[in-house]
Amino acid sequence: MSDQLIAKRKQTTMRKTAMAATLLTSAMMLSSIDAFTVQTHVPQLMKAITTTTTTTTTSRLSMSAVADSPSKFRPNPVVVSAEAEALSHSATTMKLTPSYELFQLLPEDEGGMLPEVTSGNALRDNAVLKTGKDDELDGLQLSQFKGCGGTEKIENLPDPFKMVEKELQPFSDSIKELVSSDQPILSMAAKHFFEKRHGKRFRPTIVQLMAKAVAAASPEEILSDDGQSFANGFLDDKEVSDFEKTGGVAGWQWSGASTVEAKGGVITPDNHEGSEVWRRQAQLGQIVEMIHVASLIHDDVLDEADTRRGGEAVHKLYSNKVAVLAGDYLLARASVLLARLENTAVVQIMATALESLVAGEIMQLKAPPESLLEMESYLRKSYYKTASLICYACRSTALLGGHAYGSNVATACEEFGFHLGLAYQIQDDILDFTAAASVLGKPALADMDLGLSTAPILYTAQENPHLKPLVMRRFKKKGDKQAALEALYKSETAMNKAKNLAMYHAQKAVDALLRLPQSEARDSLVRLTHAVVTRKK
C-alpha cells in the first residue's frame, strides 16, 4: 500500500471522526431530557453474504450493499424518533442492533429464545480461531469451582487484577490530568471519584485484559466478492435477505477494523504492549471509566442519593448544578478522547453505548406499569444501564486491535461483555437485599425505595400474585415494601432463581470467551467472571 493512499485514508478517517465527535459532544451536553417512548426504524442497509475458512484460522467475510427492506423496529425505549434516526444515517454509517437482539436474554426454561442470525452474531464458531492450538479450558463450567457449587479452586487461573496492575497503576493520575479544568470547583467535582481511588477499576481492567486476549487471535480477512453461504454451516440454506449488515459500503470503512501500524500489519502478543494499538485500547479504558463515572454522578442527582462508593455523592458535596455540569464535562472530555482514537466505527459504537445509558434512565423512570412485571423488560433495562457500556467497549477493543465488526473475535467480545454485564447487574440486585449498606458503599434496598423491582422481587411476585399490584404501583402505598420483603424472605426459591439467572449469564460469558484462543488474559477474564457472581459487595 502506497504512502499516499495511507495518508489519504487517515485524512478521511479523521474528518469523519471529528464530525461524529462534534455531534456526540452536542448530544452529551444536554443536562435533562423529556422521557418519551417511541419505536426506532433500523434499516437493512447491508447483507451478510459469505465466509470461508482456511487452515490458517482466517475467516473470509463478504458484504454487499442492498436496498432498504421493510422496517425493523427496535424495542422501546429509545431517545430519538424513527425519522430522526433515519436522517442521521448515510451509506457508510453503522446501524447497530441492540445486543439483546443478538444474544439470548433468558434461559429456554424461562421462555428465552435464540435471536435471529444477523451479521452482528453470525460468526460464533467454537474452533475456527483455535485451529491447531490446544485449549486446556475447553468445555469449562463455572459450576466446577468453589462458590458456584464445585470443588475446584478458581485461584488456579491467572488473577485478572494483578495481570494489569502495573498498567493501571498510573490510571488515576493520568485520568485526573485528562479531566482537568480551569474552573476549580468543576475540576474538583469531576476528579472526585478518581482522587478517591475507589474500586478496582472494573471496566478499564476488562478493556485491558480484552486487548491482550484479542492480540492472541488471528484477524479474519474481509473480502468483497459474492457468495451464498457462510463456512461451518452458519447460514446454510438461508436467503441473503435474512441478514443485516452493520456499516457502510467498502473495505476498511465498513469493517470497522483500525489500520494496524505494526510489522506485518497485524498485532500479536509479541508486538502488542507499547504499540499504538495498545495505547489506543488503554485510552478506550479511560474513556469507558469517564462515561461510567459521569453516569453515576447524574444517576445520584436523579435518584437523590446521599452516598456513592462509601463516600458522599458529588451533588451532596457541591450542588445539583455542579454535579450535572461535572457529569456533562466528563462526557464531553470522553467524546474528545474518543475522536482521537481515529476509528469512526468505534466512535459510533461508543456513542450508541452513551445513548443506551440515557435510554435506560428513561425506561426506569417512565416504564408502563405492566412492563414492571416482565423479567425481559427488567433485563433490557439492565442491558441499557449496565451491560451496554461493557459489551460495546469489548467489541470496540477488538476493532482497535484490527478485527472487523462481524468477525468471530469481535462477536465473541461483545457477547462476553453483554452476558458479563447482565450477570454483574443481577448480582448487584441480589446484594441489595443480602448485604449491609456499610459493605455495599451505598444504601441497601435503594431500588425498592425508588419503586424498582429487580430479579429477586420479580421471582417472588411470580410465586405470589398478590404482590403484582404492589410492583405495578412501584410500592407507593404504605406497607407495600414491607409486604414484598416479607414474601421474598419467606420464599424458598425466589432468591435462588435470581442467583441461577446470574449464573446463566456468567456461564454464557465464559462460553463466548472460550471461542478465543487460550491466553493468560483470556483465562483471567474467566476468573473475573467467577468473581462477578461470587462477590459479596
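Computed from a predicted structure; not experimentally measured.
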Paired with E414, the salt bridge (charged side-chain N to carboxylate O under 4.0 Å, His left out) test is passed by just one of R515, R124, R395, namely R395
Donor-acceptor contact present, side-chain [X] to main-chain [Y], <3.5 Å:
X    : Y    : value
Q427 : R535 : yes
N408 : N126 : no
H403 : V214 : yes
H530 : K146 : yes
Q144 : Q141 : yes

Without hydrogens or angle criteria, can the side chains of [X] and [Y] be said to hold a donor-acceptor pair below 3.5 Å?
X    : Y    : value
Q518 : D523 : yes
Y378 : Y383 : no
E342 : S258 : no
Q425 : T386 : yes
E152 : N156 : no

Quick one: closest heavy-atom pair of [X] and [Y], and the distance?
X    : Y    : answer
A393 : L284 : O-CD2, 3.6 Å
T397 : Q281 : O-NE2, 3.0 Å
A423 : V533 : CB-CG1, 4.1 Å
A410 : A398 : CA-CB, 3.8 Å
L129 : S218 : CD2-O, 4.2 Å

NZ/NE/NH1/NH2 to OD/OE distance under 4.0 Å, [X] and [Y]:
X    : Y    : result
K212 : E167 : yes
E165 : K162 : no
K537 : D428 : no

| Row check, F161 ring normal vs R527 NZ/CZ: under 6.0 Å, within 45° | no
Tested for side-chain contact (heavy atoms from CB on, under 4.5 Å) against M350, the lone hit among L389, N343, L341 is L389
Step-by-step side-chain hydrogen bond (donor to acceptor under 3.5 Å, both in side chains) determination, Q507 to H419: CA-CA 8 Å; Q507 184 59 51; H419 289 296; over 6 Å; no
**Message:** If you take the centroid of each ring, where Trp contributes its six-membered ring, are F202 and Y424 closer together than 6.0 Å?
**Reply:**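 Close enough - the centres of the two rings lie under 6.0 Å apart.
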